[in-house]
Amino acid sequence: MPGNRQARSSGKTKTFERIASSIRDSILSGELGPGDRLPPETELARRFGVSRPTLREALKALEALDVLESFTGPSGGTFVSTPDSFGIADHLASSLVLLFGAEKVSLEELWVARETIEVRAGELAAGRRTERDLEAMLGVIEEDEGKDYASYFPDITFHRTIAEASHNRLLSLFMLAVHMTLASIARDYVIPDAKELSQRQHRLIYEAILLKDGALARRRIQEHLEMAYSVYQGAVRRRSRELAARG
């Protein structure tokens, strides 16, 4: 692991960020791998030429990103985390929500990304799906039919089963991140009821994947996303609606 890189910045913040970056570089290069234990804090602080409190800030920052994890006890210490796709997607989604809130990303841009990822995943799923994948999709559809509108929309479970059926882990991760972003954004809006239409389209998508018809799956997913986009466009911000009602 890189060490003895005395910070040359004037602020403590840049110092701990530099240390965190150095540790991440060691992980990315393969010098440190999942499950590896980091040296004791005293040794790490000496290597980086910083105080233990500053080092701890760097370690806490990496723990917050699920890059590292700490355990107490005789066999405890700080270890390199095993990558978790849900955790990675969650961090990516959190960043996208912040960008959306700051108007650095528009709904249209999110939808273009969603369409690019999801249509391709559905096309792949039609050619790669297993009987287990089909059971998972149908199970979600049947379960969703019993949900009320509030708990159903904007549910992402069916779309996740499509991603899993594509058997492409990166497509699955990116799709999950986009859907988590949309689900988070949706909490601030009153979204028009589209459960019945959405449910019918889910069944049509399932049938195309069942038939192993990639072109049909692609077309039906595009139709579904066009419908969903129009629904989101018709959404009203909850705060605005509350103020109007008081008006």
Side-chain angles (χ1 to χ4, degrees), residues 85-86 88-90 92-93 96-97 100 105-187 189-235:
S85 59
F86 190 89
I88 294 170
D90 186 40
L92 180 55
L96 289 173
V97 169
F100 186 86
V105 171
S106 68
L107 180 63
E108 181 182 5
E109 288 173 307
L110 278 174
W111 225 265
V112 170
R114 179 184 181 183
E115 183 177 11
T116 302
I117 296 165
E118 195 159 337
V119 168
R120 181 56 177 151
E123 192 174 34
L124 287 173
R128 299 178 177 180
R129 95 293 186 279
T130 63
E131 289 302 316
R132 186 172 181 178
D133 292 326
L134 292 173
E135 289 174 7
M137 286 183 214
L138 187 58
V140 169
I141 289 173
E142 293 175 345
E143 183 180 347
D144 283 346
E145 288 176 342
K147 292 180 179 178
D148 59 27
Y149 171 75
S151 63
Y152 169 77
F153 201 85
D155 186 63
I156 63 173
T157 310
F158 175 73
H159 298 273
R160 287 182 61 191
T161 62
I162 294 176
E164 293 298 322
S166 77
H167 295 280
N168 183 298
R169 287 171 290 187
L170 281 179
L171 274 179
S172 183
L173 188 152
F174 292 146
M175 183 191 286
L176 178 58
V178 171
H179 279 279
M180 290 172 73
T181 301
L182 291 169
S184 181
I185 291 170
R187 286 195 288 267
Y189 290 82
V190 177
I191 300 175
D193 189 342
K195 177 187 173 181
E196 290 186 9
L197 176 56
S198 180
Q199 194 67 48
R200 287 199 301 271
Q201 290 181 336
H202 280 185
R203 280 195 172 271
L204 290 173
I205 293 167
Y206 165 77
E207 289 172 3
I209 294 173
L210 172 66
L211 294 171
K212 292 191 172 185
D213 191 330
L216 183 60
R218 181 185 187 92
R219 187 163 62 251
R220 288 181 172 176
I221 290 173
Q222 285 176 326
E223 291 172 355
H224 178 61
L225 294 182
E226 287 172 7
M227 180 280 296
Y229 184 53
S230 67
V231 168
Y232 270 84
Q233 285 181 309

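Residue numbers start at 1 and run along the sequence shown.
Other residues, nucleotides and ligands contribute at most 12 non-hydrogen atoms within 6.0 Å of the CZ atom of R160. Within a 6.0 Å sphere centred on CD of E108, heavy atoms belonging to other residues, nucleotides or ligands number 12 at most.
At least one side-chain heavy atom of S198 sits less than 4.5 Å from a side-chain heavy atom of H224. Under the 4.5 Å side-chain criterion, counting only non-hydrogen atoms from C-beta, Q201 is not in contact with R220.
Closest approach of A89 to A177, counting heavy atoms only: O-CB, 3.8 Å. Nearest approach of A126 to A217, heavy atoms of both residues: CB-CB, 4.3 Å. For the pair M175 and A121, the tightest heavy-atom approach, listed with the atom from each and the gap, is CE-CB, 3.5 Å. The two residues A165 and R128 have their closest heavy-atom pair at O-CB, 3.8 Å. Heavy atoms only, all atoms of each residue included: P192 and G234 are closest at CG-O, 3.7 Å.
With values rounded to the nearest 0.5 angstrom, I162 atom CD1 is found 13.5 Å from I117 atom CD1. One distance of note links CD1 of I141 with OG1 of T161; it measures 7.5 Å at 0.5 Å rounding. Interatomic distance, NE2 of H167 versus CG of L124, reported as 10.0 Å (0.5 Å rounding). In this structure, CG in L197 is found 9.5 Å from NE2 in H202, a value given to the nearest 0.5 Å.
A search for side chain to side chain contact (heavy atoms under 4.5 Å, CB included) contacts involving A113 returns nothing, not counting sequence neighbours. Every residue two or more places apart in sequence or in another chain that forms a salt bridge (charged side-chain N to carboxylate O under 4.0 Å, His left out) with E123 is listed here: R120, R218. A search for salt bridge (charged side-chain N to carboxylate O under 4.0 Å, His left out) contacts involving R203 returns E145, not counting sequence neighbours. Remark: R169 engages no residue in a side chain to side chain contact (heavy atoms under 4.5 Å, CB included) (not counting sequence neighbours). With sequence neighbours excluded, no residue forms a side chain to side chain donor-acceptor pair (under 3.5 Å) with T116. With sequence neighbours excluded, the residues satisfying side chain to side chain contact (heavy atoms under 4.5 Å, CB included) with E164 are S172. Residues meeting the side chain to side chain donor-acceptor pair (under 3.5 Å) test with E109, sequence neighbours left out: S106. With sequence neighbours left out, N168 forms a side chain to side chain donor-acceptor pair (under 3.5 Å) with no residue at all. Partners of R114 under the salt bridge (charged side-chain N to carboxylate O under 4.0 Å, His left out) rule, at least two apart in sequence or in another chain, are E118. With sequence neighbours left out, F100 forms a side chain to side chain contact (heavy atoms under 4.5 Å, CB included) with L107, L110, I185, Y189.
Among residue pairs with one or both ends in residues 106-130, those qualifying as ring-ring contact (aromatic ring centres under 6.0 Å, His included) are W111-Y229, W111-Y232; sequence neighbours excluded.
The main-chain N or O of T130 is found under 3.5 Å from a side-chain atom of D133 such that the two form a donor-acceptor pair. With hydrogens and angles ignored, the 3.5 Å screen pairs no side-chain donor or acceptor of S184 with any backbone N or O of T181.
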N/O donor to acceptor pairs below 3.5 angstrom from side-chain atoms of residues 206-213, sequence neighbours left out:
unit_1, atom_1, unit_2, atom_2, d
D213, OD1, A215, N, 3.3
D213, OD1, L216, N, 3.0

